[in-house]
Number of protein chains: 2
Amino acid sequence: MELSRRLSSRGYRRTRQRDAVFDVLAENAGRPMKAEEVLVLAKEKAPGIGIATVYRALELFVELGVAQQVHLHERSQHYEVDTGHHHHYMVCVSCGSREQLDACTMDKLEDVIKDETDFLVTSHCLGLWGYCSSCLPGKA
Amino acid sequence: MELSRRLSSRGYRRTRQRDAVFDVLAENAGRPMKAEEVLVLAKEKAPGIGIATVYRALELFVELGVAQQVHLHERSQHYEVDTGHHHHYMVCVSCGSREQLDACTMDKLEDVIKDETDFLVTSHCLGLWGYCSSCLPGKA
DNA sequence: TAAGATATTGATAATGATTCTCAACAAGGG
DNA sequence: CCCTTGTTGAGAATCATTATCAATATCTTA
Ligand SMILES: [Mn+2]
Ligand SMILES: [Mn+2]
Ligand SMILES: [Zn+2]
Ligand SMILES: [Zn+2]
């Protein structure tokens with residue numbers, strides 16, 4: 001398995017708990033999840049797993065590049081498996097629903113930045129807020 | 001004063017503490033500040049002001065549209081006065097310095113979204129990470 | 001300008017997410 | 001199978017932010 005190789009090549013060990021956390025993320029690809037949500041589902045695969053272990057696994061996965069942190073500006077952080085497919089989210093300020101957005105204009109902006117500044121951009125984060133189609137009609 | 005009017009028109013009262021917090025933000029326009037940073041400076045203008053009051057003022061100012069929340073993905077939130085000048089920040093992952101960026105390609109992206117989805121975008125958040133000119137040379 | 005209704009404040013407790021500690025445990029190379 | 005060492009779970013500790021609540025300040029009205 002891909003995860004297994006990434007772990008061992010860096011001296012990390014493969015464990016039942018890490019497999020569980022990764023599988024939960026993989027089974028929910030494209031859906032940002034909180035640590036607590038991951039914990040609940042991971043318990044079905046690795047009974048007894050603790051929240052600290054979930055946090056440790058998520059952090060490690062980001063370091064290994066197999067997961068991504070998704071900043072939705074809520075109290076807690078969200079994570080999702082890194083499928084290599086670049087995308088962002090549009091969050092409805094009315095119902096909280098999240099829609100994936102595949103378009104991204106960062107390339108153009110990064111060109112501008114390269115030309116006009118001395119800053120080297122290596123990553124970006126984009127979030128969009130507004131109203132989803134279900135909430136638009138009754139928008140106060 | 002502008003703040004004074006915005007407050008009273010909504011039934012809020014003008015207080016020494018709110019003036020202090022606002023002045024601190026205004027004197028540091030274009031520099032995202034944490035509540036604790038605001039507190040320290042606000043104490044010079046309104047001795048005795050507490051951290052809870054700072055948080056309450058910041059929240060209120062965002063509601064009134066005179067301040068903005070800036071998400072830098074740190075543990076604490078940052079705030080700055082809303083000067084009406086749209087911008088974002090580039091954060092150096094090496095030294096933590098922040099550079100203001102005036103360019104923004106959201107307009108184009110919002111057009112795409114309007115054409116391709118039913119979502120109505122009302123606001124966005126953009127963050128850029130990378131290396132500032134001082135850190136580029138020694139970049140590990 | 002005094003009085004009253006009520007918005008606001010400061011101190012402090014409470015909360016919630018995340019991180020830390022540490023002894024018990026498990027992975028995997030030899 | 002053994003041993004070294006990475007990993008785990010429980011619970012304490014942190015840290016930012018929010019909630020409480022009695023005391024106080026503001027602003028409108030008389
Ligand atoms: Mn981000
Ligand atoms: Mn934001
Ligand atoms: Zn909605
Ligand atoms: Zn730098």
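Per chain, numbering begins at 1; letters A, B, ... match sequence-line order.
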Using a cut-off of less than 4.0 Å, is there contact between a side-chain N or O of [X] and OP1 or OP2 of [N]?
X       : N      : answer
B:Thr15 : C:dT9  : yes
A:Thr53 : D:dG9  : yes
B:Gln17 : C:dG10 : yes
A:Arg18 : D:dT7  : yes
B:Tyr55 : D:dT17 : yes

Next on the checklist: Using only atom types and a distance under 3.5 Å, with no angle test, would you say the side chain of B:Arg18 pairs donor to acceptor with the backbone of B:Arg13?
Outcome noted: yes
Out of [options], which has the shortest distance to the side chain of [X]?
X       : options                : result
A:Arg75 : D:dT17, D:dA25, C:dT18 : D:dT17
A:Arg56 : C:dT21, D:dT17, D:dT5  : C:dT21
B:Tyr12 : C:dT8, D:dT5, D:dC27   : C:dT8
B:Ala52 : D:dT17, D:dA25, C:dT12 : C:dT12

Item to check | Whichever of A:Ile49 and A:Gly11 has its nearest DNA chain D nucleotide further upstream toward 5' | outcome: A:Gly11
Checklist outcome for this item: Comparing B:Lys34 with B:Arg13, nearest DNA chain D nucleotide closer to 5' gives the residue B:Lys34
Checklist entry - Between B:Arg98 and B:Glu74, does at least one N-O distance fall below 4.0 Å, as a salt bridge requires? => result yes
Next on the checklist: Base, sugar-phosphate or nothing for A:Arg16? Non-hydrogen atoms, less than 4.0 Å.
Outcome noted: nothing
Checklist outcome for this item: Exactly one of B:Asp19, B:Thr15, B:Leu60 clears side chain to side chain contact (heavy atoms under 4.5 Å, CB included) with B:Leu7, and that residue is B:Leu60
